[in-house]
2 protein chains.
Amino acid sequence: MVRVTDTTDLRERRRLATRAEIEAAALDLFAERGSERTTVEDIAAAAGVSQRTFFRYFPTKEDAVLGIHRSFHRAIADRIATLPDVFAAVAGTLAAMSAGDGAPIHRLLRVRYLIARDDNLRRVALCLDAEFCRNGQDLITAALGGGTDLRARVMMETVSVALRAALDEWAMRRHAGEDADLTAVFQQACGFQLEMFEKLRGYA
Amino acid sequence: MVRVTDTTDLRERRRLATRAEIEAAALDLFAERGSERTTVEDIAAAAGVSQRTFFRYFPTKEDAVLGIHRSFHRAIADRIATLPDVFAAVAGTLAAMSAGDGAPIHRLLRVRYLIARDDNLRRVALCLDAEFCRNGQDLITAALGGGTDLRARVMMETVSVALRAALDEWAMRRHAGEDADLTAVFQQACGFQLEMFEKLRGYA
DNA sequence: GCCGATTTGGCAGTGACTGCCACTATGCTG
DNA sequence: CAGCATAGTGGCAGTCACTGCCAAATCGGC
């Protein structure tokens with residue numbers, strides 16, 4: 001996504017270039033000293049723009065690095081909209097991403113690794129996940145028809161747990177040198193959930 | 001929890017009274033105009049203290065109303081520490097609370113209803129839930145022994161989903177006049193999860 | 001009634017973010 | 001190619017959350 005070239009409009013190109021520059025600067029600074037010890041002024045200066053301009057591109061400093069996160073959510077939501085099986089939608093997106101040219105997955109890896117070690121960033125990412133769940137919830141209730149809103153919510157948030165945990169685990173393992181597969185880790189996380197409910201069936 | 005009397009120390013009593021006053025003021029103001037449209041100055045003035053003093057009692061304005069939330073988490077964590085079955089721990093806490101004198105559950109009801117309608121508050125509460133999950137995760141790995149940290153995380157976060165959804169659903173229903181039972185709603189939420197994984201077993 | 005510890009308020013400062021205004025650059029039009 | 005509407009940028013002032021610091025008041029024990 002977000003290809004800097006591929007557009008004839010100079011203004012548009014410039015805009016995308018600036019955006020990319022800010023994102024890169026934020027990524028570097030966050031990795032270096034953490035998001036809390038980095039000010040918007042720092043990021044803006046590193047990207048060669050004013051603070052005011054920074055806020056025209058991103059609403060918060062955390063948002064500057066969470067772009068892939070957002071597009072990742074969008075990709076999953078698109079799948080959910082067509083086939084309303086949340087597990088399949090996530091697994092499919094993960095597989096498609098792993099099979100792709102590698103750029104998005106590398107961005108995701110870097111950001112997820114950052115998130116895993118940065119409390120502030122993790123909080124913000126968690127809120128984004130919650131937003132994503134609300135969207136997905138609406139898609140599911142729209143597709144499967146109304147009735148219990150609670151069911152759709154629980155479904156979305158439950159896969160979201162497995163997905164989030166898998167992303168963190170994957171990022172940590174990859175950073176440690178292992179060549180972990182995202183889809184595999186996700187399925188492992190789902191496996192733990194399944195196991196929980198296998199035991200639970202005793203109660204209910 | 002937080003009994004205003006029951007202490008001989010006058011200072012301590014005063015402190016608790018001030019704390020309770022601030023909490024009540026925040027609760028009222030948040031209910032009236034939402035947490036974002038309420039400033040710390042507003043809360044402090046309503047509670048009859050300075051802004052500086054407010055921040056000696058609570059680190060953020062959102063924290064002023066999330067006290068029960070915290071003690072609720074503590075109660076669950078205590079149970080997990082003794083018996084490391086997360087479902088049982090949550091269900092047990094819920095049952096004990098419902099059976100109690102009613103004060104904590106009414107506070108919880110009010111706050112949860114607030115949270116369900118206030119985006120900002122919901123975000124903060126979600127972050128508290130995440131913190132709670134991290135604690136619980138540590139307790140589980142400590143009790144059940146190490147190995148996969150991922151499993152403990154997934155377990156905690158998965159029950160947390162059911163719990164959070166149940167709390168919201170319960171608060172909404174109760175506010176609508178129905179006399180919904182928290183434990184029952186929680187079990188319903190868990191039931192939806194179980195159902196998900198019953199279908200999932202086809203894939204795996 | 002005095003002393004040490006606690007609590008409080010005020011004030012200045014930082015950092016996130018917004019609204020406003022003037023300035024510049026772009027790209028379209030005659 | 002000059003001229004103009006529009007988009008993009010920077011600066012500035014302002015609000016709000018939150019912190020550190022210092023002085024005044026209060027409390028509890030002697």
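Chain naming here is simple, since letters A, B, ... match the order of the sequence lines and numbering starts at 1 in each. Quick note: numbers below take in every heavy atom, side chains included, and nothing from hydrogens, waters or symmetry partners.
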- Message: Please verify the inter-ring angle class for A/H73 with A/H69; under 30° counts as parallel, over 60° as perpendicular, anything in between as tilted.
- Response: perpendicular

- In whole Å, what is the span from the CG atom of A/L121 to the P atom of C/dA16? 14 Å

- Output yes when a side-chain donor or acceptor of B/R122 lies under 3.5 Å from a complementary backbone atom of B/A116, and no otherwise. yes

- Task: Write down the distance between CZ (B/F55) and C1' (D/dG20), rounded to a whole number of angstrom.
- Result: 13 Å

- Can you tell me the distance, in whole Å, between the NZ atom of A/K61 and the C1' atom of C/dT14? 12 Å

- Separation of C/dT18 atom P from B/E36 atom CD, nearest Å, is 11 Å

- Query: Parallel, tilted or perpendicular for A/F186 and A/F87, by the 30°/60° rule?
  - Reply: tilted

- Message: I'd like to know if the side chain of B/R19 reaches the main chain of B/Y57, judged simply by a donor and an acceptor atom lying under 3.5 Å from each other, with no hydrogens or angles considered.
- Response: yes

- Could you note down all residue pairs passing ring pair (Phe, Tyr, Trp, His ring centres under 6.0 Å) where residues 24-44 of chain A supplies at least one of them, sequence neighbours left out? none

- For A/T39, does its backbone N or O pair with a side-chain atom of A/D42 as donor and acceptor, under 3.5 Å? yes

- Just how far, in rounded Å, is P of C/dA16 from CZ of A/F58? 15 Å

- Message: Please report the distance, rounded to the nearest Å, between CZ in A/R37 and C1' in C/dA16.
- Response: 16 Å

- Query: CZ of A/R33 versus P of C/dG15: gap in Å, rounded?
  - Reply: 11 Å

- Separation of A/R13 atom CZ from D/dG8 atom C1', in whole Å? 16 Å

- Query: Once each nucleotide of nucleotides 5-12 of chain C is scored for protein heavy atoms under 4.0 Å, what B/S/- sequence comes out, 5' to 3'?
  - Reply: BSSBBBB-

